[in-house]
Number of protein chains: 2
Amino acid sequence: MLFAEYFPMWNKLTPAQQDKITGSLISRKAEKGAIIHNGSSDCTGLFFIKSGQLRAYILSDEGREITIYRLFDRDICLLSASCIIRSIQFEITVESEKDTELWIIPAEIYKQIMAESAALANFTSEIMATRFSEVMWLIEQILWKSLDKRVASFLLEESVIQNSPKLKITHEAIANHLGTHREVITRMLHYFQNEKMVILTRGTVEIIDKRKISDLS
Amino acid sequence: MLFAEYFPMWNKLTPAQQDKITGSLISRKAEKGAIIHNGSSDCTGLFFIKSGQLRAYILSDEGREITIYRLFDRDICLLSASCIIRSIQFEITVESEKDTELWIIPAEIYKQIMAESAALANFTSEIMATRFSEVMWLIEQILWKSLDKRVASFLLEESVIQNSPKLKITHEAIANHLGTHREVITRMLHYFQNEKMVILTRGTVEIIDKRKISDLS
């Protein structure tokens, strides 16, 4: 499949702009668990995901994490090229949650074309607005939704992503997604187990009463 | 003072685009306490603040609030024109915290020019990125900073805005800025009073030990 098919506004670029992108495009594979963008030190470029799964998160000084969004096939990661927009004053880390194949448009090239193409500049705004909306949703969750509901929602979402009710995931990983401590998640999952909503084994959380979890979330 | 002086990239617009903006510009005054943009129902346009002070916040279903940013002289409010960017999928409310004078560029006019001007499209991205960065900062505060530190920071910030150590502000208002309950703020402020950091009277919070509050924040 061609790169152009992954780039929704390809036809609004001039042939010269298209050539510039095609000529600089980097194809890359990232193994599950690899950190492919690392906050302040990197301004790699825009990631276009061919296949796989990425997680973008922020880190506290004490090493706590919270997932701000996840990216799947055909998604675009703009914040890995945050240097193209001066006013982006925050840092994210991106890791691959599965083996992932991606294309990268180098930040410098993208920035040059964005400066002359209103179409690309507006497309970039739309990508940023999508992530901004996800973060606003997250704030509402953190502020106004109790943690039991957030854990229930996360388990349901994860069972869709993993395409199975038996989730391969550690308590630590759930805590890092939701911005809390492992102990808090362990306590919550034991409560869910007592309520016959899940069965816990080492490294897995199996949803056995989807309805009850849906009602809670 | 002319509108052009409030609009940093005015000179990058064509004379035709400048005329279009000048011809559609709305001048408006808002009294302290007025709601000038109301979530889903409005897509008024971009606000350019001549003088005054605005607060943008989100509301929970139960009517709880949290301030997501504040705007002062010469600031621009993009999210009051959220319909110009399709992917902005959240709603904010904007109120004037002081008597405020502003110019409004109608959303439809702005959108038309943004579609043809790379300069304006990129400028718009920068405004959005600034607000996005403020929201990311807010998430970090909510997640990783205890409430006593957040209240201390808020009091210091507010004393700069009000240009006085004696703040005219209710416990309810502080709670609405920080996304918490009035009772929680009252308890915290009483603790601050016991620690000789503030003196509380009806409708005021006076900072009497700025250093101690700074250390805490």
Side-chain angles (χ1 to χ4, degrees), chain A residues 12 17 56-69 76 78-79 82-92 111-145 176 178-181, chain B residues 12 17 56-69 76 78-79 82-92 110-145 178-181:
Chain A
K12 292 188 185 162
Q17 290 164 345
Y57 59 95
I58 51 173
L59 264 172
S60 75
D61 295 340
E62 291 83 33
R64 289 175 64 192
E65 300 179 2
I66 185 167
T67 300
I68 56 166
Y69 54 80
I76 300 173
L78 172 68
L79 295 177
S82 58
C83 63
I84 64 170
I85 297 169
R86 207 184 49 235
S87 310
I88 296 180
Q89 298 291 342
F90 56 90
E91 290 165 8
I92 59 156
K111 194 176 174 179
Q112 284 168 22
I113 301 175
M114 202 172 70
E116 60 188 36
S117 164
L120 191 62
N122 283 308
F123 177 71
T124 310
S125 279
E126 292 289 346
I127 305 174
M128 182 162 46
T130 304
R131 304 304 162 233
F132 195 173
S133 299
E134 285 169 320
V135 167
M136 291 300 292
W137 179 86
L138 180 61
I139 281 211
E140 294 182 4
Q141 298 291 306
I142 296 170
L143 281 173
W144 293 317
K145 205 167 168 182
N176 287 342
L178 300 179
T180 184
H181 293 286
Chain B
K12 292 189 185 161
Q17 290 164 345
Y57 60 94
I58 51 174
L59 265 173
S60 76
D61 294 339
E62 291 83 32
R64 289 175 64 191
E65 301 180 1
I66 185 166
T67 299
I68 58 166
Y69 54 79
I76 300 172
L78 172 68
L79 294 177
S82 58
C83 62
I84 65 171
I85 297 168
R86 207 185 47 238
S87 309
I88 296 180
Q89 298 291 343
F90 56 91
E91 289 165 10
I92 59 157
Y110 194 91
K111 195 176 174 181
Q112 284 169 22
I113 302 176
M114 203 173 72
E116 60 187 38
S117 164
L120 190 62
N122 283 305
F123 177 71
T124 310
S125 279
E126 292 289 346
I127 304 174
M128 181 162 48
T130 303
R131 303 304 161 232
F132 195 174
S133 299
E134 285 169 318
V135 168
M136 290 300 293
W137 178 86
L138 179 62
I139 282 211
E140 295 182 4
Q141 299 291 306
I142 296 169
L143 281 173
W144 293 318
K145 203 166 168 182
L178 299 180
T180 183
H181 293 286

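Proteins get letters first, then strands, A, B, ... in listed order; numbering begins at 1 in each. Every heavy atom of this structure was used, including side-chain atoms; hydrogens, water molecules and symmetry mates were not.
- Proximity to chain B (any heavy atom under 4.5 Å) is shown, for A/S60, by both the backbone and the side chain.
- Interface residue B/L59: only backbone heavy atoms are found under 4.5 Å from chain A.
- In this structure, A/A121 and B/N122 approach most closely via the heavy-atom pair CB-OD1, 3.5 Å.
- With respect to chain B, the highest number of heavy-atom pairs below 4.5 Å among A/I139, A/T180, A/I88 belongs to A/I139.
- With rounding to the nearest 0.5 angstrom, the CD1 atom of B/I85 is 6.5 Å from the CD atom of A/E126.
- At a 4.5 Å heavy-atom cutoff, the contact between B/I68 and chain A is made by side-chain atoms alone.
- Here A/M128 contributes atom CE and B/S125 contributes atom OG; the two are 4.0 Å apart, rounded to the nearest 0.5 Å.
- Of the possible donor and acceptor atoms, one in the side chain of A/S133 sits under 3.5 Å from a partner among the backbone N and O of B/Q89.
- A/F132 and B/F90 have tilted rings, their planes meeting at an angle from 30° to 60° on a 0 to 90° scale.
- The distance from the CG atom of B/D61 to the CH2 atom of A/W144 is 9.0 Å, given to the nearest 0.5 Å.
- Note that CE of B/M136 is 4.0 Å distant from CD1 of A/I58, once rounded to the nearest 0.5 Å.
- In this structure the side chain of A/L143 never reaches within 4.5 angstrom of the side chain of B/R64, judged on heavy atoms.
- Of the atoms belonging to B/T130, heavy atoms from both backbone and side chain fall under 4.5 Å from chain A.
- Under a cut-off of 6.0 angstrom, the local environment of NZ in A/K145 is crowded, with over 12 non-hydrogen atoms contributed by other residues, nucleotides or ligands.
- B/E116 places no side-chain N or O within donor-acceptor distance of the main-chain N or O of A/A118, the cut-off being under 3.5 Å.
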